[in-house]
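The next block holds one structure in the form of structure tokens; read it before the comments.
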Amino acid sequence: QVQLVESGGGLVQAGGSLRLSCAASGRTFSSYAMGWFRQALGKEREFVAGISWSGGSTYYADSVKGRFTISRDSAKNTVYLQMNSLKPEDTAVYYCAARMGIVVTTWGRYDVWGQGTQVTVSS
């Protein structure tokens with residue numbers, strides 16, 4: 001089974017950028033669809049972006065479309081989330097997750113989770 005470790009979070013001013021990384025261990029990484037989710041304080045975990053096992057299809061929440069980009073590098077067993085034009089409402093703990101099959105937006109249908117990385121956007 002794949003294991004996931006996120007990195008790249010931090011404090012940034014509104015309008016700035018961050019790139020999150022999710023490093024996966026395990027030989028079957030390329031078989032997994034990957035997703036990024038976030039959870040703000042006092043709110044439910046929500047889907048941010050997803051990418052198919054091949055990398056050929058990507059999906060975004062309306063709130064981040066045009067600002068965030070998800071990608072994967074199978075040679076490095078890593079998934080990225082490039083976040084541009086950040087807003088204070090993007091502040092949350094960001095998690096990457098993996099599942100066999102297709103990308104879905106429901107967090108409960110993902111099998112493997114990273115520990116999360118904090119993103120804080122100041123106004």
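Numbers here are sequence positions counted from 1. Keep in mind that the numbers below use all heavy atoms, side chains included, and drop hydrogens, waters and symmetry copies.
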> With S122, which residues qualify under side-chain contact (heavy atoms from CB on, under 4.5 Å), at least two apart?
Replying inline: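 S122: side-chain contact (heavy atoms from CB on, under 4.5 Å) contacts with L11, Q13.
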Sorted by first residue and then second, give each disulfide (SG to SG under 2.5 Å) pair with at least one member in [range]; sequence neighbours left out.
| range | result |
| --- | --- |
| residues 35-76 | none |
| residues 40-71 | none |
| residues 47-94 | none |
| residues 64-102 | C22-C96 |

Keeping [X] on the side-chain end and [Y] on the backbone end, is there a donor-acceptor pair under 3.5 Å?
| X | Y | result |
| --- | --- | --- |
| S54 | G56 | yes |
| T91 | T120 | no |
| Q115 | E6 | yes |

Suppose we screen for side-chain hydrogen bond (donor to acceptor under 3.5 Å, both in side chains). Which residues come up paired with [X], at least two apart in sequence or across chains?
| X | value |
| --- | --- |
| S123 | none |
| R109 | none |
| N84 | S17, Q82 |
| S30 | none |

> At what distance, to the nearest 0.5 angstrom, does OG of S63 lie from NZ of K87?
Replying inline: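 If I round to the nearest 0.5 Å, the distance is 8.0 Å.
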>> Can you tell me how far apart OG (S7) and CZ (R19) are? Round to the nearest 0.5 Å.
In response: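 Rounded to the nearest 0.5 Å, the OG-CZ separation comes to 9.0 Å.
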> Of all heavy-atom pairs between G101 and A33, which one has the smallest distance, and what is that distance?
Replying inline: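 Heavy atoms only, the tightest pair is O-CB, 3.3 Å.
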> What closest approach, in Å, do T78 and S21 show between heavy atoms, and which atom pair accounts for it?
Replying inline: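 Closest heavy-atom pair between T78 and S21: CG2-CB, 4.2 Å.
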> Do any pairs count as a side chain to side chain donor-acceptor pair (under 3.5 Å) and have a residue in residues 40-50, sequence neighbours left out, and if so which ones?
Replying inline: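 Sorted pair list: R38-E46, Q39-R45.
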> By the rule that ILVMFWY residues connect when side-chain heavy atoms come within less than 4.5 angstrom, directly or transitively, which residues belong alongside V119?
Replying inline: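 Answer for V119: V2, L4, V12, L18, L20, F29, Y32, M34, W36, V48, I51, Y60, V64, F68, I70, V79, L81, M83, L86, Y94, M100, V112, V121.
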>> Connecting only ILVMFWY residues whose side-chain heavy atoms lie within less than 4.5 Å of each other, what is the rest of I102's hydrophobic cluster?
In response: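 F37, F47, Y59, V93, Y95, V103, V104, W107, Y110, W113, listed by chain and number.
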>> The test is side-chain contact (heavy atoms from CB on, under 4.5 Å); show your working for W53 and S31 and say whether it passes.
In response: CA-CA 5 Å; W53 65 269; S31 301; 5.8 Å; no
